[in-house]
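To start, the structure under review is shown below, and the notes come after it.
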Amino acid sequence: MKIATWNINGIKARIDNLLRWLQESAPDVVCLQEIKSVDELFPRLEIEALGYHVETHGQKGFNGVAILSKNTPDEVLRGLPGADTDEQSRFIEAVFSRPGGVIRVASLYLPNGNPVNTEKYLYKLAWMERLERWASSRLPLGEPLVLAGDYNVIPQPQDAKHPEQWLNDALFLPATRQAFRRLENLGFSDAIRSVSDAPDLYTFWDYQAGAWRRNNGIRIDHLMLSPEAADRLVSADIEKYVRAWEKPSDHVPVVIELTI
DNA sequence: ATGGTGGAAGATCCA
């Protein structure tokens, strides 16, 4: 089973790239972030025509997440529990029945958090606490669980071309990295780092200042695996070639294969 | 120090 995550930076601007990539990569489940669309205006027909089921949790203008899947989910939940007044659409989870058992997949868009001396950074840290609590509550289910998305976290210096440029950024501050490590300490493992300790593994290159041309990237899109999912991990790859397409997102897909 | 780019909404915010 192939599970992917991709921050597409606007579904309407990226629909052609998405359709092409779905056909070429043929994932079973796709976690999308930054769809930047309300549910009613999400271009679901074209995606359904390729054989995918579509579940969205959108909002006007910003944020928004979705899960596309070859199989219809048994259950879908929208919104990260723990803050009733939070109106930002950053989380959706789905449960699938497979021949090998049940699997739970979440698509998350963690807050960027910049500028750091503002409410935005406090919101990011609070959101990470909520994610940790939610993840803790799911672990006792003993299911294969994949937390996939744009974490807006650079876990380690080797996850940036120029880590020194990120020292005071919300993506790399010690408190941010500590919160990410707490997720690992719960028992979740970073799929890419489970298969490779290579440098220069990036998932995001800014549109500005020739970042792509200079390979000035960062690795911020992650698939975090519960122990039961990690046991089934076959491969994990960053589909970097998509960044070279016309009209690309600034992020590329990350894909894992699980035996389930 | 600034501007460098892009999406969506709408004449600005967010990344």
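All values derive from a computational prediction rather than experimental measurement. All chains are named by letter (A, B, ...) in the order of the sequence lines, taking the proteins before the strands, and each is independently numbered beginning at 1.
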Protein-nucleotide distance (A:Glu34, atom CD; B:dA9, atom C1'), rounded to Å: 15 Å
For the aromatic rings, using the six-membered ring if either is Trp, is the centroid distance between A:Trp212 and A:Tyr207 under 6.0 Å? no
Whole-Å P distance, B:dA9 and B:dC14: 15 Å
Please state the C1' separation for the pair B:dA15 and B:dG4 - nearest whole angstrom. 14 Å
Do A:Glu93 and A:Arg78 meet the salt-bridge criterion of a basic N to acidic O distance under 4.0 Å? no
Just to be sure I understand the rule, does A:Phe204 reach a base, reach only the sugar-phosphate, or reach nothing, if contact means heavy atoms closer than 4.0 Å? nothing
For the pair made of CD in A:Gln59 and P in B:dA9, what is the distance, rounded to whole Å? 11 Å
CA sep, side-chain torsions, deciding dist, call: A:Asp86, A:Tyr123, side-chain hydrogen bond (donor to acceptor under 3.5 Å, both in side chains): CA-CA 10 Å; A:Asp86 189 355; A:Tyr123 176 70; 2.8 Å; yes
Given side-chain hydrogen bond (donor to acceptor under 3.5 Å, both in side chains), test A:Tyr121 with A:Thr176 step by step and report yes or no. CA-CA 9 Å; A:Tyr121 190 57; A:Thr176 304; 2.7 Å; yes
Pairs where residues 246-260 of chain A contributes a residue and the test salt bridge (Lys or Arg N to Asp or Glu O under 4.0 Å) is met, not counting sequence neighbours: none
Calculate the interatomic distance between A:Asp250 atom CG and B:dC14 atom P; express it in whole Å. 17 Å
Might you list the N or O atoms of the protein lying below 3.5 Å from N or O atoms in nucleotides 5-8 of chain B, with each pair's distance?
| from | atom 1 | to | atom 2 | distance (Å) |
| --- | --- | --- | --- | --- |
| B:dG7 | OP1 | A:Arg14 | NH1 | 3.4 |
| B:dG7 | OP1 | A:Lys247 | NZ | 3.2 |
| B:dA8 | OP1 | A:Lys12 | N | 3.4 |
| B:dA8 | OP1 | A:Ala13 | N | 3.4 |

Take atom CG of A:Leu41 and atom P of B:dG10, then tell me their distance rounded to the nearest Å. 12 Å
For atom P, what is the distance between B:dA11 and B:dG6, given to the nearest Å? 22 Å
Is the shortest distance from a Lys or Arg side-chain nitrogen in A:Arg232 or A:Glu228 to a carboxylate oxygen in the other one below 4.0 Å? no
Taking CD1 from A:Ile218 and P from B:dA15, how many angstroms apart are they, rounded to a whole number? 13 Å
